[in-house]
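The next block holds one structure in the form of structure tokens; read it before the comments.
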Amino acid sequence: MPTDLSRSGMEGMKHFLLLLALCLPDYAHSKEKVLVIVGDSLTEGYGIKKENAYPHLLEAKLKAAGKNWKIINSGVSGSTSASGPGRVDWALKSKPDALMLALGGNDGLRGLKPESMEKNLRKAVASAKAAGVKVYLAGMQMPPNYGNEYAKNFAATFPKVAAAEKVDLVPFLLEGVAGEEKLNLADRIHPNEAGHKIMADLLFRFFKDRL
């Protein structure tokens, strides 16, 4: 009788181990990964509910496509690129899998030097890369009323940083939204809910084969 129980127990253990082995790949596949977006009011969702801002919409699109990613909205209104290095260091404490830097818009609106913005962005990107985190950069543009030369130098800063730091670039975060009255709030700077949907679509196309 003890021999039969021992054999039964061993068979049961083998069965358990087999089930465990079969389940482990699924568990690993289902483990949620984290993307932090460090940005300004465009990321925060100024003037609209946070659940209607593009980070939340992007997360829903990724999950619907079978990509188990959590998007952390780290947008702070009024932020310039100068805040980037410190905020990235803080975001890294949560050990994210990836990070997108979406700063610079307020530098442009304040007429700050693109050279200073470049330095700030590169420092922020380098910190995340040094921590082993996959980094993405979102570009921004200024309207021509800021001066053609300034607008040109400002826009060129983002691909310059991306090339120097070897990170993937979203060329223009507000592609298809900037300047469109029906897609922005009354201030004509911040996207409304419809504008954020377009931003989420843009970023989903960018991230779907990268995450």
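Worth knowing before you read on, the calculation uses all heavy atoms, side chains too, and leaves out hydrogens, waters and symmetry mates.
A donor-acceptor pair under 3.5 Å is absent between the side-chain atoms of Lys61 and the main chain of Ala200, judged by distance alone. Between the Glu193 side chain and the Asn52 main chain, no donor and acceptor come within less than 3.5 Å of each other.
Shown here for Ala124 and Val88, the closest heavy-atom pair between the two residues is O-CG1, 3.6 Å. Residues Leu185 and Pro191 come closest through the heavy atom pair CG-O, 4.0 Å. Scanning both residues, Ala53 and Asn73, for their nearest heavy atoms gives CB-ND2, 4.3 Å. In this structure, Leu92 and Ser127 approach most closely via the heavy-atom pair CD1-O, 3.7 Å. In terms of heavy-atom proximity, Met140 sits nearest to Met142 at CG-CE, 4.3 Å. Here the closest non-hydrogen pair linking Ser81 and Asn120 is OG-ND2, 3.0 Å.
In the hydrophobic clustering of ILVMFWY residues, with side-chain heavy atoms under 4.5 Å counting as a link, Leu203 and Ile48 come out apart. Note on Leu173 and Ile189: same hydrophobic cluster, where clusters join Ile, Leu, Val, Met, Phe, Trp and Tyr whose side-chain heavy atoms are under 4.5 Å apart, directly or indirectly. Under a hydrophobic-cluster definition in which Ile, Leu, Val, Met, Phe, Trp and Tyr are linked whenever side-chain heavy atoms come within less than 4.5 Å, directly or via other members, Leu103 and Val76 are assigned to different clusters. Tracing side-chain contacts under 4.5 Å through hydrophobic residues (I, L, V, M, F, W, Y), one never reaches Leu109 starting from Tyr46; they form parts of separate clusters.
Asp201 CG to Leu58 CG: the interatomic distance, rounded to the nearest 0.5 Å, is 9.5 Å. Put simply, NE2 on His56 and NZ on Lys49 are 11.5 Å apart, with the number rounded to the nearest 0.5 Å. To the nearest 0.5 Å, atoms CD (Glu180) and CG (Leu174) are separated by 11.5 Å.
With a 4.5 Å cut-off on side-chain heavy atoms, Lys197 and Leu57 count as touching. When side chains are defined from C-beta on, Val177 counts as touching Met199, because their heavy atoms get closer than 4.5 Å. Considering only heavy atoms from C-beta on, Asn192 stays 4.5 Å or farther from Asn184 through its side chain. Using a 4.5 Å heavy-atom threshold, the side chains of Leu137 and Val170 count as separate. Looking at heavy atoms from C-beta onward, Glu181 lies in side-chain contact with Arg188 at the 4.5 angstrom threshold.
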Per-pair distances, 0.1 Å, donor-acceptor, side chain in residues 33-44, under 3.5 Å, sequence neighbours excluded:
unit_1, atom_1, unit_2, atom_2, d
Asp40, OD1, Leu42, N, 3.1
Ser41, OG, His190, NE2, 2.8
Thr43, OG1, Tyr54, OH, 2.6
Glu44, OE1, Ser77, N, 3.2
Glu44, OE1, Ser77, OG, 2.3

Would you tabulate the side-chain donor-acceptor contacts of residues 156-169 under 3.5 Å, counting partners in other chains and residues two or more places apart, or write 'none'?
unit_1, atom_1, unit_2, atom_2, d
Thr157, OG1, Asn153, O, 2.9
Thr157, OG1, Phe154, O, 3.4
Lys160, NZ, Glu118, OE1, 3.4
Glu165, OE2, Arg122, NE, 2.8
Glu165, OE2, Arg122, NH2, 3.1
Asp168, OD2, Arg210, NE, 2.9

Please set out all donor-acceptor pairs under 3.5 angstrom arising from side-chain atoms of residues 143-152, sequence neighbours excluded.
unit_1, atom_1, unit_2, atom_2, d
Tyr150, OH, Asp107, O, 3.4
Tyr150, OH, Leu112, N, 3.3
Tyr150, OH, Leu112, O, 2.6

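For Lys134, there are no side-chain hydrogen bond (donor to acceptor under 3.5 Å, both in side chains) partners at least two apart in sequence or on another chain. Scanning for side-chain hydrogen bond (donor to acceptor under 3.5 Å, both in side chains) contacts around Asp97 gives an empty result, with sequence neighbours left out.
A donor-acceptor pair shorter than 3.5 Å can be found between the side chains of Asn68 and Lys63. Side chains of Arg87 and Ser79: a donor-acceptor N/O pair is present below 3.5 angstrom, by distance only.
Within the structure, ring pair (Phe, Tyr, Trp, His ring centres under 6.0 Å) pairs that include any residue of residues 113-136 comprise Tyr136-Phe206, Tyr136-Phe207 (at least two apart or interchain).
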Could you check Lys70 against Glu59 for side chain to side chain contact (heavy atoms under 4.5 Å, CB included), going step by step and ending with a plain yes or no? CA-CA 6 Å; Lys70 177 178 178 62; Glu59 179 182 299; 3.7 Å; yes
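By the 6.0 Å contact criterion, NZ on Lys129 is enclosed, its count of non-hydrogen atoms from other residues, nucleotides or ligands being greater than 12.
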